[in-house]
Amino acid sequence: GNVDWAVVEAAEITSDGRIYLSTSIGASPTFLNCAEKVIIELNRYHSVRLSEMADVTLLPKPPHRSPIPIYDPLNKIGFPYAMVDPSKIVAVIDNNEPDGMAPLNEPDEVSRKIAHQVVDFLLEEQRAGRIPPEFLPLQAGVGNIANAVMSCLGDDPDIPAFMMYTEVFQDALIDLMEQGKLVGASTTSLTVSDDNLQRIYNNMDFFTPRIVLRPQELSNNPGVIRRLGVIALNTCLEFDLNGHANSTHVCGTDLVNGIGGSGDFMRNSYLSIFMSPSSVKDGRISTIVPMVT
C-alpha cells in the first residue's frame, strides 16, 4: 500500500535528490521510494564520509530480478546514496545530535561461559573439516551475549582472522577490527555506543575500506547468506524440547526489540547457533521449556 510520510536521517543531501544516509541504511531507500511526502533530518553530527561505506541499490520487482552479485562481504554493487524525487521533500530539519546508543555491559561469567562453548564448538567443526581453514563469514545479533561471544572469538588464537556478513555492527567489533582479527564487515547499521562511534569517525581512513553499509534487503538476503556460507550467532528467549527457538515473543504476545533479522539468518545460514543462559531473572525463569510460546 501507499506510504504517506517518511522521516529519514541523512548526513548530507543534494538539490537533485541524492540522500547520503547516516549510520543506518536499513529500509530507508525503500521508504524514500514509496512515501508520498518526505522529511529529511539533516544530522550534522555524523561524518559525511559515511557515504564511502554505503552501498545502496533497490532490487526490481519479481520476476525481473537477477542474481545479486555479492560474492564477498566487501563487494559493492550500488551507489553511495539513496535517491528521492526532490518534489516529495516537504521539510529539512537541521540537527546535531549523536544516536544515543548506550554501551553494552561488560561480559559477565555466564556470558563468557556461553562464549567459550560456542568457540570450542566452532573449532571442533573446523578440525573436522566442516568449516574451511580460512573460516566463514559470521553474523551476530545485538546484545551482551553476542558481544561477549565476539570478544572471545577475537581473543582465541586458534580462530583465524575472519569476515562478517551481518545486520548490525556493534561495540566489540571495533576492537576486533583494530586488532586485525575482523578483516571486514558488511552490515546495515552501526549500532555502537556514542563513544565508539566517535572512535570510528576519528579514524575513517582505517574503517571506511573495511565496512560496507547496505539496505536490509541486501544485508539479510537469503541467497547471499547461503552463497557466503554465513555462520549465524543469535540470542533467544527460550528453547523447547522439540528443537524450537523463540527469539522474539514473551508469552507468545509481547515483542522484544521487534521482529529482527535473526529469522533471515537462522533459516539460511550454513551453521545457525542460538545462545541463551539456561535461566534468567536470578534463576526464577527457565529458558528451557517443554514447548515455546
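What you see below is based on every heavy atom in this structure, not just the backbone, and it leaves out hydrogens, waters and symmetry mates. Index from 1, following the sequence.
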Review point. Given the rule in the side-chain contact (heavy atoms from CB on, under 4.5 Å) test, do D205 and R49 qualify, once you have shown the distances and angles that lead to the verdict?
Key: CA-CA 9 Å; D205 286 344; R49 292 190 65 187; 2.9 Å; yes

Review point. Should the pair F162 and F135 be assigned to parallel (<30°), tilted (30 to 60°) or perpendicular (>60°) ring geometry?
Key: tilted

With heavy-atom distances below 4.5 Å as the criterion, would you say the side chains of [X] and [Y] are in contact?
X	Y	value
M266	F274	yes
D99	H46	yes
F121	I273	yes
T188	R214	no

Under 3.5 Å donor-acceptor pairs involving side-chain atoms of residues 59-80, not counting sequence neighbours:
unit_1	atom_1	unit_2	atom_2	d
R65	NE	P60	O	2.5
D72	OD1	L74	N	2.9
N75	OD1	Y71	N	2.8
N75	OD1	D72	N	3.0
K76	NZ	E52	O	2.4

**Study point:** Chi angles and distances behind the side-chain hydrogen bond (donor to acceptor under 3.5 Å, both in side chains) call for E238, T293
**Key:** CA-CA 9 Å; E238 56 185 4; T293 48; 2.9 Å; yes

Practice item. Identify whether the distance between the nearest side-chain nitrogen and carboxylate oxygen of E12 and R18 falls below 4.0 Å. Key: no

Point to revise | Within 6.0 Å of CZ in F31, more than 12 heavy atoms from elsewhere | key: no

Exercise for review: Would you check, one step at a time, whether the test side-chain contact (heavy atoms from CB on, under 4.5 Å) holds for I174 with F207?
Suggested key: CA-CA 9 Å; I174 296 175; F207 285 104; 3.8 Å; yes

Review point. Could you walk me through whether L233 and L153 pass the side-chain contact (heavy atoms from CB on, under 4.5 Å) check?
Key: CA-CA 12 Å; L233 306 166; L153 281 166; 4.2 Å; yes

Exercise for review: State whether F265 and R267 meet the cation-pi test: NZ (Lys) or CZ (Arg) under 6.0 Å from the six-membered ring centroid, and within 45° of the perpendicular axis.
Suggested key: no

Exercise for review: Please confirm whether the backbone N or O of L32 pairs with a side-chain atom of K88, one donor and one acceptor, at under 3.5 Å?
Suggested key: yes

Review point. Does one hydrophobic cluster hold both Y270 and V118, with members joined at side-chain heavy-atom distances below 4.5 Å?
Key: yes

Review point. How would you list, by chain and number, every residue that makes a side chain to side chain donor-acceptor pair (under 3.5 Å) with S111, sequence neighbours excluded?
Key: D108

